[in-house]
Amino acid sequence: MTSRNGRSHELVIRHARVLDPSTGLDAVKDVRISGGRVAEVGDDLHGTRELGADGLYLFPGFVDVHAHWRTPGREDEETIESGSASAAVGGFTGVVMMPNTDPVVDKPVVVSGLLRRIEQESRVRAYVSAALHVGLKGERLTEMRLLKEAGALCVSDDGLGTQSAGVLRNAMLYASSAGLPVLLHCEDHTLATGVVHDGTAAALAGIPGSPASAEDVATATALVLATETGAKSHITHISTGLSAALVRFFADHADVTSDTTPHHLTLTDDLISSLEGTYRVNPPLRPEDHRDAVTDALRDGTLDFVATDHAPHASEEKDLPLEQAAPGFLGHETAFAALHTELVLTGKLPLARLVEAMSCAPGRWVGEGGSLAVGSPADLTLVDPSEEWTVDRGSLSSRSWNSPYLGRRLTGRVVGTIVGGELVLDRTGAKFGVRA
Ligand SMILES: [Zn+2]
């Protein structure tokens, strides 16, 4: 990361409403940052630089364990620079990059090359997921011990999933012995033959659908194998009621965590009636009953956290009829605002649970951040809970524009992102200035 060297200047954020579920703190406080860490949380603190944050929330920085920064290979869609800028705009201080790039991140030299570029280009902390199988083909295992030595955080066949239970079982055993968690994209390709969720909306639109079982069968397989092998596993982008219920059932048996996405929590498959490629995503948008079941599961802690599956695509891959479009949505920049607008302000999810799900729990998973306890890395997110804004192309920092929220009015906006004590996003100029 540019110029983050642990010798950051002291900074005091004053009068913010500090909400940190990891410590139970919810009060107007001052926070003093020194040497890149949280040095003190208290009242009437002062320092060489002060930011007045009256009316703003201060949270532990958001952490996103699922993002596609399209590097290497598709830098026209996203780069580490633009992906991390997009993350910072969304309040994310840490991001895990998925391995389905070109080349695939299946060799130690690709991992170390990415980590070097992250060091130079990323505005936020970024971690690398390596592939579980060479070329994501579900055949030959990657050299996971060497990938870990090179700096990989976890392994995944994201984008495709692992199709054979026997192959997945071996992969889990090997990942476990290499000390790497497995991040699982659960999708059975013998069932996932359509492009949207197989339901009423698909029938009305005349578009082939995939049944929810395409996800559920693979989720059940992954949970059974995680239980048997003891492998530390994380199931990503859960989008159905049954998959959430399966996670609940297996919670006491397996070393498993899980996430769902902002879009599966806030959008439904009625959007496909527009026939626009914009709304194609994998797993697909589901009907209301699934969305509500997934929301309940996030609220009660069955699903541990939110991850965006930030998936930029060039317009020539998205400005197409649904059946021809590439699946995926941008996620970083709208995640908090969409969830705040649709779930917190409507009373479906307490704000503290949202912060736990966007900061604390994923921070624990990556092993860094997610807490404002004294001594923690000074990774923080400042939010104006009342700012209303409209998502439009001009407002996006990503290199791509494929947000399903384009044109939507949202309430609540990230106005400051601090990584290791440094402001990497500052939209607060109008609200407060840095006093040198
Ligand atoms: Zn995936």
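Every number for a ligand or one of its atoms is a count from 1 in the order of the listing. The model shown is predicted, which means the values in this text are computed figures rather than measured ones.
- Comment: E81 engages R123 in a salt bridge, judged by a side-chain N to carboxylate O separation of less than 4.0 angstrom.
- At least one donor-acceptor pair under 3.5 Å links the side chain of T142 to the backbone N or O of L132.
- Taking the charged nitrogens against the carboxylate oxygens, R17 and D26 do have a contact shorter than 4.0 Å, which makes a salt bridge.
- Ion pairing between a basic and an acidic side chain is recognised when a charged N comes within 4.0 Å of a carboxylate O; E75 and R117 show such pairing.
- Aromatic ring pairs are classed by plane angle as parallel below 30°, tilted from 30° to 60° and perpendicular above 60°; the pair F329 and H263 is perpendicular.
- Note on the Zn ion (ligand 1): protein N/O/S atoms under 2.8 Å are D158 OD1, H185 ND1, H237 NE2.
- Of the possible polar contacts, one joining the S400 side chain to the E77 backbone as a donor-acceptor pair under 3.5 Å is found.
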